[in-house]
Amino acid sequence: MKIATFNINGIKARAEALPAWLDEAQPDVVLLQEIKSVDEAFPREIFEERGYNVETHGQKSFNGVAILSKHPLEDVTRGLPGDAADEQARYIEATIVGENAALRLCGLYLPNGNPVELDANGAPVAGGKFAYKLGWMDRLRARAECLLAEETPFLMAGDYNIIPQAEDAAKPESWRDDALFRPESREKWRRLLNLGLTEAFRARTQGPGHYSFWDYQAGAWNRNNGIRIDHFLLSPACADLLRDCQIDRDIRGRDKPSDHVPVWMDLDL
DNA sequence: ATGTCGTACATGGTACGA
């Protein structure tokens, strides 16, 4: 089963490029981020006519996640638990039933976290975007702990807005003080991994030069000034099913591309 | 080098987020 994650940066702007990629890559499941659409305006028919079931969790203008699946999606939940006051549409879960096992799909758009605001003691300023990011990552870890305790096989996929290591950026020094690469952010990422989760891409491929995002500005694509921030984290039972994980890099060079490209896995499910 | 996009809104240039 081929499962992909793709930050599309606006469904309206990607109404041609996204289905073109689907027709070519033929994923069974796609976790989408930044649909930038309310649920009612999401063009479900584009995907339904290709045989996908569609579940969305959107909001006006910003954020928004969705799941496309050629297999039925069950027990859909929207929003990341842990903060009833959080109104940003960044998280969706659904269960897909394979031939031998069920798998919980968690689609996420982790907060960017910039600008980084710190107080005189170096602590993130409460109510600021950086503090929101770190708090969101604590909530994500709590959710992963809950799924692990239930022994539910799961994957968490999406735009994590985290550069895990220096090798995941073409110019790591330029990201040193950025919320995507700050030690506080990477510490939260490590704590997620240390629950026993497997990062799918790094389970298959080592070394620098693998990116999933290139900024629209300053000719980042032409200079290959990229970063790897779109990831799959797998529970132990899910990691046992991993057959492959790749980045569809060439998509970035096509007409009207997103600033992210798809990352996909092949699971023995 | 605030250099590019996408979205929404007072449709035509701004504001915001990334």
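Chain identifiers are assigned alphabetically (A, B, ...) following the order of the sequence lines, protein sequences preceding nucleic acid strands; residue numbering begins at 1 within each chain. Computed from a prediction, not measured in an experiment: that's the story for all the values here.
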Legend entry - Bracket string, DNA chain B, 5' to 3' - pairs by Watson-Crick or G-U geometry under 3.5 Å, | interstrand: ...((((((...))))))

Legend entry - Side-chain heavy atoms of A:Ile229 within contact of A:Tyr160, under 4.5 Å: no

Can you figure out which of [options] approaches the side chain of [X] most closely?
{"X": "A:Ala218", "options": "B:dG6, B:dC9, B:dG3", "value": "B:dG3"}
{"X": "A:Tyr216", "options": "B:dC5, B:dC9, B:dT7", "value": "B:dC5"}
{"X": "A:Ala13", "options": "B:dA18, B:dT7, B:dC5", "value": "B:dT7"}
{"X": "A:Lys129", "options": "B:dA8, B:dG17, B:dT2", "value": "B:dG17"}

Inset, instruction - Could you tell me whether A:Glu145 and A:Arg141 have a side-chain N and a carboxylate O separated by less than 4.0 Å? - result: yes

Legend entry - Carboxylate-amine/guanidinium proximity below 4.0 Å for A:Asp86 and A:Arg139: yes

With a non-hydrogen cut-off below 4.0 angstrom, is [X] in contact with a base, only sugar-phosphate, or nothing?
{"X": "A:Arg14", "result": "sugar-phosphate"}
{"X": "A:Tyr109", "result": "sugar-phosphate"}
{"X": "A:Ile11", "result": "sugar-phosphate"}

Legend entry - A:Arg228 NZ/CZ over A:Tyr211 ring centroid, <6.0 Å and within 45° of normal: no

Inset, instruction - State whether A:Phe181 and A:Arg186 meet the cation-pi test: NZ (Lys) or CZ (Arg) under 6.0 Å from the six-membered ring centroid, and within 45° of the perpendicular axis. - result: yes

Nearest-Å distance for atom pair [atom1]/[atom2], residues [X] and [N]:
{"X": "A:Phe62", "N": "B:dC16", "atom1": "CZ", "atom2": "P", "answer": "10 Å"}
{"X": "A:Asn9", "N": "B:dC16", "atom1": "CG", "atom2": "P", "answer": "19 Å"}
{"X": "A:Phe130", "N": "B:dA18", "atom1": "CZ", "atom2": "C1'", "answer": "16 Å"}
{"X": "A:Gln217", "N": "B:dG17", "atom1": "CD", "atom2": "P", "answer": "16 Å"}
{"X": "A:Asp178", "N": "B:dT2", "atom1": "CG", "atom2": "P", "answer": "15 Å"}
{"X": "A:Asn7", "N": "B:dG6", "atom1": "CG", "atom2": "P", "answer": "12 Å"}
{"X": "A:Glu16", "N": "B:dG6", "atom1": "CD", "atom2": "P", "answer": "12 Å"}
{"X": "A:Glu34", "N": "B:dT7", "atom1": "CD", "atom2": "C1'", "answer": "11 Å"}

Inset, instruction - Between A:Asn112 and A:Ile8, just flag the one whose closest nucleotide in DNA chain B comes earlier from the 5' side. - result: A:Ile8

Legend entry - Toward the 5' end of DNA chain B, by each residue's nearest nucleotide, A:Ser37 or A:Gly219: A:Gly219

Legend entry - Same-atom distance (C1') from B:dT7 to B:dG12, integer angstrom: 15 Å

Legend entry - B:dT14 to B:dA1 separation - P atoms, rounded to the nearest Å: 24 Å

Inset, instruction - Dump the intermediate steps for salt bridge (charged side-chain N to carboxylate O under 4.0 Å, His left out) on A:Asp268 and A:Arg243, then the final yes or no. - result: CA-CA 7 Å; A:Asp268 184 17; A:Arg243 287 198 289 222; 3.2 Å; yes

Inset, instruction - Kindly label the base of B:dT4 as syn or anti, based on whether its glycosidic torsion lies within 90° of 0. - result: anti

Legend entry - Side-chain N,O (A:Lys36) to OP1/OP2 (B:dA8) below 4.0 Å: no

Inset, instruction - Would you kindly say whether A:Asn224 and A:Trp214 are connected by a side-chain donor-acceptor distance under 3.5 Å? - result: yes

Legend entry - Residue A:Glu48 excluded, over 12 heavy atoms near CD under 6.0 Å: yes

